[in-house]
Amino acid sequence: MTVLLFGVTKDIVGSPSLSIPTANARGKQFPKTVKELRQFLGTTYPKLNELSSLAIAVNNNYAHDEAEINSYDEIALIPPVSGG
Amino acid sequence: MDRYSRQIALKQFGSENQEKLKASKVLLVGLGGLGVPVAQYLCGMGVGTLGLVENDTVALHNLQRQVLYPEASVGMSKLQVAVKELQKRNSEVVFKGFETFLNGTNALEIIKDFDVVVDATDNFSSRYLINDACVILKKPLVYGALHAFEGQLSVFNYQDGPTYRCLFPNMPKANEIPNCDENGILGILPGIIGSLQALEVVKVITGLGDTLSGKLLLFDGLTQTTQKINYQSNPENKKCTSLLPDYGYSGCELVPSITWDAFGQLNENKQVIDVRTIQEYSNDHLDHAINIPLDTLDAQFGKIDFSKPVYVVCQSGKRSSIAVEILQKKYPNSTCCQILGGMNQMPTQCL
């Protein structure tokens, strides 16, 4: 699945998007809910865990932690930004 | 009405909506990158009363994006220059200036007399304060914010729609998200997002079209892509009945501070810690200042001699106050203070 990155998440990851594999031959578990995706990304990029608010959108809709995600979904990580 | 004939000529707009603009009172908080285009277009289009809240002075590095201010106004009050310049563009508009920063004490009193509020500030403390005040007073809030080449735009609290806290429930901690001083901003970006905010204000006032209530618009200037994210109202966020006692870290006076004048009169061998980024430090810095960027401070306490007074400086005074708080917590017996106003306010002979 594709994860689009906005604001400081782009700086933390170092690229404007991420591609997350959703299955592999060894049967390793990949995120199936928004909550699992948060944990998955937080392990790879610990600085994401430090954000007090980080909205996650699935297919352009704000998603709660329980929401399920699939390989064809487009995910967006949206932190607040303060500049003016 | 000849002045507005081109917008009255629009069939969907007409003289009826022009009258609505004329009867409306819009409060604009912040006269920086976002606030300048909002003010210029609302003034030009004939909003009746424009309230302006700003307490900053014009700095040379503002001019690449805050295009209302003439070169000769550097050092002068932004509010006073803006009102003077805007009045030249449209003498029919009534301006109400508030030469202060919005805070927990004045926010409700200032906002209550307006129909629509525009958040054109540059820090989270103000953004959460404005949101909460608008929820309490039931005022629609037009939100815009920037990060590097990106912008965010939405309309909160409009016709019972969602609020800022429905998107971002918790205020970020002090040094979690970089600001424009640290991160930089391309001059045109606030021009684009601020203009879109002015458009949303017109729609809120007139009822034309669809506002961005319940939708967050994300703009990426590098790829010219926009995305709209739908989000819902969380009723809990509407129950706010009073402001929080404290909106965090913006109060510079909360930490020990020293003015540039007093600093200049010190004879001792001053230990100065510059907590700006390496890039900002390399542009200009005080003699003998040690550069420890704020986000690396935790790992570099060893570079500081806590047996001597520690003077902390940054660009505007925001990061230095955070740094002093951190240092005081870690070394309670040390003497730490920030230099008020940061490098922006530094007298030229200090460099």
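Every chain is numbered from 1 and lettered A, B, ... according to where its sequence line falls, protein lines coming before strand lines. Note that the structure is predicted; figures quoted are calculated from it, not measured.
No side-chain donor-acceptor contact under 3.5 Å links Ser82(A) to the backbone of Phe124(B). Formation of a donor-acceptor pair under 3.5 Å by the Gln152(B) side chain with backbone atoms of Ile78(A) is not found in this model.
Note that the CD1 atom of Ile56(A) and the CD1 atom of Ile229(B) stand 11.5 Å from one another [nearest 0.5 Å]. Interatomic distance, Leu54(A) CG to Asn170(B) CG, rounded to the nearest 0.5 Å: 11.5 Å.
Taking all atoms of both residues into account, the shortest heavy-atom contact from His147(B) to Val8(A) is NE2-N, 3.8 Å. The shortest heavy-atom contact between Lys173(B) and Glu50(A) is NZ-O, 3.3 Å. When all heavy atoms of Arg127(B) and Val81(A) are compared, the closest pair comes out as NE-O, 4.0 Å. Looking at every heavy atom in both residues, Ser53(A) comes nearest to Phe168(B) through OG-C, 3.5 Å.
Heavy-atom contacts from other residues, nucleotides or ligands closer than 6.0 Å to NZ of Lys35(A) number 12 or fewer. The number of heavy atoms from other shown groups lying within 6.0 Å of CG (Asp210(B)) does not exceed 12. Residue Glu68(A) places its CD atom among 12 or fewer non-hydrogen atoms of other residues, nucleotides or ligands, all under 6.0 Å distant. Heavy atoms from other residues, nucleotides or ligands lying under 6.0 Å from OH of Tyr41(B) number 12 at most. By the 6.0 Å contact criterion, CD1 on Ile278(B) is open, its count of non-hydrogen atoms from other residues, nucleotides or ligands being 12 or less.
In this structure, chain A has no heavy atom under 4.5 Å from any part of Phe219(B). Interface remark: Tyr164(B) contributes side-chain atoms only to the contact with chain A (heavy atom separation under 4.5 Å). For chain A, the nearby part of Leu216(B) is the side chain; its heavy atoms alone come within less than 4.5 Å. Heavy-atom distances place no part of Asp119(B) under 4.5 Å from chain A, backbone and side chain included. With a threshold of 4.5 angstrom between heavy atoms, Leu167(B) approaches chain A through its backbone and through its side chain. If you measure heavy-atom distances from Lys47(A) to chain B, you find no contacts under 4.5 Å at all. Neither the backbone nor the side chain of Asn59(A) has a heavy atom closer than 4.5 Å to any heavy atom of chain B.
Using a 4.5 Å cut-off on side-chain heavy atoms (C-beta onward), Asn60(A) and Lys228(B) make no contact. Side-chain contact between Pro80(A) and Pro172(B): present, with at least one pair of heavy atoms (C-beta onward) separated by less than 4.5 Å. Using a 4.5 Å heavy-atom cutoff, the side chains of Phe6(A) and Glu150(B) are in contact. Counting heavy atoms from C-beta outward, Asn61(A) and Gln232(B) have side chains that stay 4.5 Å or more apart.
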Passes side-chain contact (heavy atoms from CB on, under 4.5 Å), Lys10(A) versus Asp220(B)? Steps please.
-> CA-CA 12 Å; Lys10(A) 199 182 267 181; Asp220(B) 183 349; 3.5 Å; yes
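Within the structure, every pair that satisfies the salt bridge (Lys or Arg N to Asp or Glu O under 4.0 Å) test and touches residues 55-66 of chain A, not counting sequence neighbours, is listed here: Arg38(A)-Asp65(A).
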